[in-house]
> 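One structure, pasted below without further comment.
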Amino acid sequence: MRVDILTLFPEMFSGYLSSSIMDKARTLQLLDVHLQDIRDYAEGKHRITDEPPYGGGGGMILKPEPIFAAVESLIGESKMNQPGVGSSGVDDEVSDDKNERQSGIPVILLTPQGRRFSQDVAWELSRNERMILICGRYEGVDERVREHLATDELSIGDYVMTGGELAAMVVVDAVTRLIPGVLGAEGAAESDSYAGGLLEGPHYSRPQSFRGWTVPEVLTSGHAAEIQRWRRQQALRRTWRRRPDLLLKADLSEDDKYYLAVLAEERIDELSDD
Ligand code: ADE
């Protein structure tokens, strides 16, 4: 997958992208990241990328021209949208013309106002051969970028960071590990938390006893079917305790439902002991 990241701070990415699985994915040519310095697309002697907001107020707003120029040169189109086409910039809904952009390459603005990034969104994005991520900064990005250039807006959570760079790294990481061939063990991404809708249960490795805390016996028993059953039940137990909301959408067998009924009874017993 080719990922273009538009940012004013390309240097922020180098350590992360040169380490661990991201480095491996790049070496295997499964991930090809191009850091695009927004300033390189700004015109004039001073290559200005931000301006104070019209109407006053604090902070600086990222100008539209360098961001449009960057995306258009990457996509190879001279004009993404004609002036006057599309919404007037007064509504908060995703504007109609977003769906009309023809390149098929997702152009994603990272913003706390975006739709919430999740494992499902990561799977969705992992099916693309390319994506373009725009990292916002300062007080925000000129609204015309949101309305007439971005095809999607993503937020990684309900908090405000100083810019979209960390969010872009989160998206690139979560998407990259889903690209076939990136993770070592076949199917590793399928079995982890959120795949199949459940949180993963506990994991243990050597030593068998650490400070007197021992590994559950079943894991050292050598009974593959028992271990699988135990793992499934632990995943159900953990999801039930920590994220019961996930159970509503999870893929559950009859055995799973029976085990959840046992957990529910345990809980009722606990409550009546209080
Ligand atoms: N930029 C600043 N905060 C952000 C968030 N929570 N998600 C995505 N981009 C952001």
Side-chain angles (χ1 to χ4, degrees), residues 1-17 21-22 31 33-42 48-54 57-68 70-71 74 80 89 91-95 98 101 105-128 130-179 193-194 243 245-246:
M1 172 187 275
R2 172 174 168 153
V3 184
D4 289 277
I5 304 177
L6 277 59
T7 171
L8 283 175
F9 301 97
E11 68 281 2
M12 284 185 176
F13 293 84
S14 52
Y16 200 78
L17 292 173
I21 305 284
M22 296 303 111
L31 174 68
V33 178
H34 293 249
L35 296 166
Q36 308 286 349
D37 190 336
I38 295 172
R39 201 168 300 281
D40 291 343
Y41 294 88
I48 292 171
T49 54
D50 57 338
E51 298 271 9
Y54 273 118
M60 299 290 272
I61 305 296
L62 286 185
K63 290 162 66 59
E65 306 97 304
I67 300 177
F68 271 77
V71 171
L74 292 171
M80 304 286 294
D91 70 348
D92 271 347
E93 298 306 313
V94 173
S95 50
K98 282 194 173 179
R101 287 173 208 137
I105 301 170
V107 178
I108 302 168
L109 177 65
L110 283 316
T111 160
Q113 300 179 5
R115 70 178 169 127
R116 179 70 70 85
F117 185 61
S118 66
Q119 193 65 26
D120 284 347
V121 179
W123 278 112
E124 181 190 313
L125 294 177
S126 73
R127 290 180 200 113
N128 293 296
R130 282 188 70 176
M131 61 180 177
I132 298 175
L133 304 179
I134 305 172
C135 305
R137 274 267 139 191
Y138 309 122
E139 289 305 298
V141 177
D142 189 286
E143 186 67 6
R144 288 160 290 190
V145 170
R146 187 184 79 78
E147 283 203 319
H148 303 293
L149 190 66
T151 60
D152 201 353
E153 299 172 46
L154 292 178
S155 162
I156 60 163
D158 289 344
Y159 40 82
V160 182
M161 298 182 294
T162 53
E165 281 76 9
L166 282 174
M169 279 190 248
V170 167
V171 170
V172 170
D173 185 304
V175 169
T176 300
R177 63 190 291 289
L178 301 179
I179 299 172
S193 286
Y194 293 108
R243 292 291 308 277
D245 56 300
L246 295 176

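Counting starts at 1 for both ligands and their atoms, in listed order. Both backbone and side-chain heavy atoms feed into the values below; hydrogens, waters and symmetry mates do not. Along the sequence shown, residues carry numbers from 1.
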> Please could you name the atoms of ligand 1 that G163 approaches to less than 4.0 Å, counting only its heavy atoms?
1 (N), 2 (C)
> For atom 3 (N) of ligand 1, what is the closest protein heavy atom, and at what distance to 0.1 Å?
M161 N, 3.0 Å
> Would you say ligand 1 has an N or O under 3.5 Å from any N or O of G157?
yes
> Please determine whether the number of non-hydrogen atoms from other residues, nucleotides or ligands lying under 6.0 Å from atom CD of Q113 exceeds 12.
no
> Would you call E143 and R146 a salt bridge, using N to O less than 4.0 angstrom?
yes
> Distance to 0.1 Å, residue and atom name: give those for the protein heavy atom nearest to atom 6 (N) of ligand 1.
Y159 O, 2.8 Å
> Below 4.5 Å, heavy atoms only, C-beta onward: do D173 and M22 meet side chain to side chain?
yes
> Any luck finding a side-chain donor-acceptor pair between E165 and T7 under 3.5 Å?
yes
> Apply the side chain to side chain contact (heavy atoms under 4.5 Å, CB included) test between L6 and each candidate in V71, L110, V107; give the one that qualifies.
V71
> Can you confirm whether more than 12 heavy atoms, excluding those of R177, are under 6.0 Å from its CZ atom?
yes
> If you measure from each non-hydrogen atom of L154 to ligand 1, which part falls under 4.0 Å: side chain, backbone, both or neither?
backbone
> Counting only heavy atoms, which portion of T111 has something under 4.0 Å from ligand 1: side chain, backbone, both, or neither?
backbone
> Which atom pair, heavy atoms only, marks the closest approach of P64 to R144?
CG-NH2, 4.3 Å
> Within the structure provided, determine whether S155 and R115 are in side-chain contact (heavy-atom separation under 4.5 Å).
no
> Give the residue, atom name and distance (to 0.1 Å) of the protein heavy atom nearest atom 10 (C) of ligand 1.
P112 CD, 3.6 Å
> Of the backbone atoms (N, CA, C, O) and the side-chain heavy atoms from C-beta on, which set of S155 has a member under 4.0 Å from an atom of ligand 1: side chain, backbone, both, or neither?
both
> With heavy-atom distances below 4.0 Å as the criterion, list the atoms of ligand 1 near A167.
8 (C), 9 (N)
> In the protein, what heavy atom is nearest to atom 7 (N) of ligand 1, and what distance, to one decimal place, separates them?
I156 N, 3.1 Å
> Would you check whether G136 reaches within less than 4.0 Å of ligand 1, judged by its heavy atoms?
no
